[in-house]
Amino acid sequence: MKILQFTLTCPFPPLSGGEIRCAANARALSAVGEVLTVSLTGSPAQTWLSNVRHLALESARRNGAWQSHRPHPTMRIMPADELAEADALWRAFAPDLVVVENIVLAQLLDLAPQHGARTVIDLHDIDSKTVADGIAGLPVLKRLRKVRENRRRIKQARDADRHAAAVADQVWVCSGVDRTLLSALGPTGDVRVIANPIPEESVLSLPTTSRRYEALRLCFVGHLGYFPNIDAVKQMGRRMAPHLAASGRDWSITVAGKTPDNLVRRICAEHGLRLVENPDSLHDLLASAGYAPMPLRYGGTRIKALEAMAAGLVVCATEKAVEGLGLQAGRHFLAARDAGELGAKILSLAAQPEAAAEMAAAGRAFVSEKHSSAAIGREILQAVADLMARRPD
C-alpha cells in the first residue's frame, strides 16, 4: 500500500503541535505501507522512520510563506504552479490513500477525482470555530467596524469545513467535541476520532516528587506565531505575571516555541518572561519546570497539555486549553477561568507540593493510557482498514 501525506510544514523533526500530529500519523501509517510526506514549507528532510520519506514542494518554497493578510481565513489558496506540482507528484507516486493534514490544504482534495485514490482530511482543529471565537473576542468597536468582513470570514471558514467533510472519503478529528462541532455545520460522512499523541514519550520518566512543585517554575510551549498561543502569552504577561510577582516569591515563566510573533517578543520583554526561540529539544525545559500555564481563550490541538502532563508538569488551564480531552478538573489538572485566576491558584497549589505531585501523577497516568503511540496507532490502522474495505461510491 502507498500513502501520500500532504502537510503545510515539514513534520521532521516534530516541534509544534501540528507537526507532532502529522509525524504521529506518518508513523502509524508506515505500519501498513510506504509513506511519502510532502510539505509546502521547509526542505527535503530525513526521517527516523524506515518506511517514510519526505519531500517539499519547490514551487511553494519559491512563493514564500503563508502570509497573515491572506485571502481566505483558514485555507491556503494555492497558485497554479503549486497545484500543478502537487498533481504531478500525486500522479507519479500513484498512492492508494491520500491524507491531507488540516483544512489549510483542503484545496488538494479537489485533485482526487483525477487520480482515484481514497482521501482522508485530518482536521487538527475545527478552524471555523477558532475563527468565530477570535472575532467574538475582539473589542466591541473593532467588531463593529468590520461587521461585514467578519461575517464573510466566518462564512468562508464554515464553508471550507463543510466542503472538506463532504468531499473527503473519511474525516479525522481530535476529539468527540470536535466531531460534534463539525456535525453542527452540516451533514458528515465517516468521521473518526483520532486522539492527539504524546509528542515525546521519553518524558514519561521525569520525576513527580513533591520537591519539583515547591518552586514557581512555569513553562509554556507552543507555536508562537499561532494567534491562540500569542493571545495566551499576552494573558500570561499582563494578568498572570503580576499575581506571581506580588507574592514576593521567586518565580519564572518560560515561553518556548517556533517563530515567535513580534508581540510575543514584546510581551516577554515587558513582563519578565523568558523567551526560548525555536528550541532544538523541549526535554530539559520541561524537566526544569513544575507547572504548565495554559490560559487559552481560543482553539488549538491541545497537544501542549498532553506533552506537559506526560512530562509530569501540573497543567494549569482554562477549559478551552483542554477541551475535548476528557480530563477531570481538580484531579488531572488545575482549572480556572482566566490567566489572573490561574496565577492565584498556582500560588495556592505551590504551597501544597504533595497535592501538586498527586495531580501531576494523575495527569500523567491519564495521557499514558489514552494518548500513547500504541493507542493512536490502533485507532489509525482501524480507520484506514475500514476505509479501504469500503466499496467505492
Side-chain angles (χ1 to χ4, degrees), residues 196 198-222 232 235-237 239-256 272-274 276 281-296 302-372 375:
N196 276 321
I198 299 170
E200 177 50 68
E201 294 186 359
S202 68
V203 299
L204 290 165
S205 63
L206 292 175
T208 55
T209 56
S210 60
R211 186 172 181 179
R212 182 177 180 183
Y213 309 101
E214 293 173 358
L216 292 170
R217 298 286 178 262
L218 285 61
C219 183
F220 176 86
V221 174
Q235 298 303 311
M236 284 187 287
R239 305 197 63 190
M240 183 180 292
H243 273 278
L244 303 181
S247 72
R249 295 187 56 186
D250 183 36
W251 64 276
S252 68
I253 300 177
T254 296
V255 174
L273 280 56
R274 175 193 175 207
V276 180
S281 171
L282 296 173
H283 188 280
D284 291 345
L285 289 172
L286 296 172
S288 64
Y291 300 90
M294 300 181 186
L296 269 72
R302 277 77 73 184
I303 286 179
K304 59 180 69 64
L306 303 177
E307 181 174 48
M309 284 188 286
L313 280 77
V314 176
V315 166
C316 310
T318 56
E319 181 181 352
K320 179 60 70 174
V322 295
E323 186 177 62
L325 292 180
L327 299 172
Q328 183 179 335
R331 181 185 177 195
H332 300 119
F333 75 105
L334 187 67
R337 292 167 297 180
D338 55 41
E341 186 178 352
L342 277 177
K345 287 194 171 186
I346 290 170
L347 284 168
S348 295
L349 189 60
Q352 309 170 65
E354 293 83 5
E358 289 179 10
M359 188 175 291
R364 172 179 281 175
F366 181 92
V367 299
S368 297
E369 178 185 354
K370 305 287 187 181
H371 297 272
S372 68

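FYI, the numbering just counts along the sequence from 1.
- In this structure, CE on M240 lies 9.0 Å from CD on Q235, to the nearest 0.5 angstrom.
- Across every non-hydrogen atom of A292 and A308, the tightest pair is CB-CB, 3.6 Å.
- Interatomic distance, M359 CE to Q328 CD, rounded to the nearest 0.5 Å: 10.0 Å.
- Paired with E307 under the rule side chain to side chain contact (heavy atoms under 4.5 Å, CB included), one option of I198, V367, L286 passes, and it is L286.
- Residues A305 and L325 come closest through the heavy atom pair CB-CD1, 4.1 Å.
- With contacts defined as side-chain heavy-atom distances shorter than 4.5 Å, the pair L296/K304 qualifies.
- Contact of the R211 side chain with the P353 side chain is not registered, since no non-hydrogen atoms from C-beta on lie closer than 4.5 Å.
- When all heavy atoms of M236 and P293 are compared, the pair lying nearest together is SD-CG, 3.6 Å.
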Candidate pair L244 and L347, rule side-chain contact (heavy atoms from CB on, under 4.5 Å), full reasoning: CA-CA 7 Å; L244 303 181; L347 284 168; 4.0 Å; yes

Pair V221, L285 - check side-chain contact (heavy atoms from CB on, under 4.5 Å), show working. CA-CA 9 Å; V221 174; L285 289 172; 5.8 Å; no

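- Put simply, the side chain of C316 does not reach to within 4.5 Å of the side chain of K345, judged on heavy atoms.
- When all heavy atoms of Q352 and S348 are compared, the closest pair comes out as NE2-O, 3.4 Å.
- Heavy-atom neighbours of R249 CZ from other residues, nucleotides or ligands within 6.0 Å: above the threshold of 12.
- With values rounded to the nearest 0.5 angstrom, L216 atom CG is found 8.0 Å from D250 atom CG.
- Within a 6.0 Å sphere centred on CD of E214, other residues, nucleotides and ligands contribute more than 12 heavy atoms.
- Closest approach of K370 to A375, counting heavy atoms only: O-CB, 4.1 Å.
- Among all heavy-atom pairs drawn from R364 and V203, the shortest one is NH2-O, 3.2 Å.
- In this structure the side chain of L206 never reaches within 4.5 angstrom of the side chain of L313, judged on heavy atoms.
- Considering CG of L273 and CD1 of I253, their distance stands at 4.5 Å, rounded to 0.5 Å.
- Here the CD-OG1 distance, from E354 to T209, works out to 10.5 Å after rounding to the nearest 0.5 Å.
- Between F366 and H371, the two ring planes are tilted [angle within 30° to 60°].
- Looking only at side-chain heavy atoms (C-beta outward), L327 and E319 stay at 4.5 Å or farther from each other.
- Of the candidates L342, L334, V314, V314 is the only one forming a side chain to side chain contact (heavy atoms under 4.5 Å, CB included) with Y291.
- In this structure a side-chain-to-backbone donor-acceptor pair under 3.5 Å is missing from R217 to S288.
- When side chains are defined from C-beta on, H332 does not count as touching V322, because their heavy atoms never get closer than 4.5 Å.
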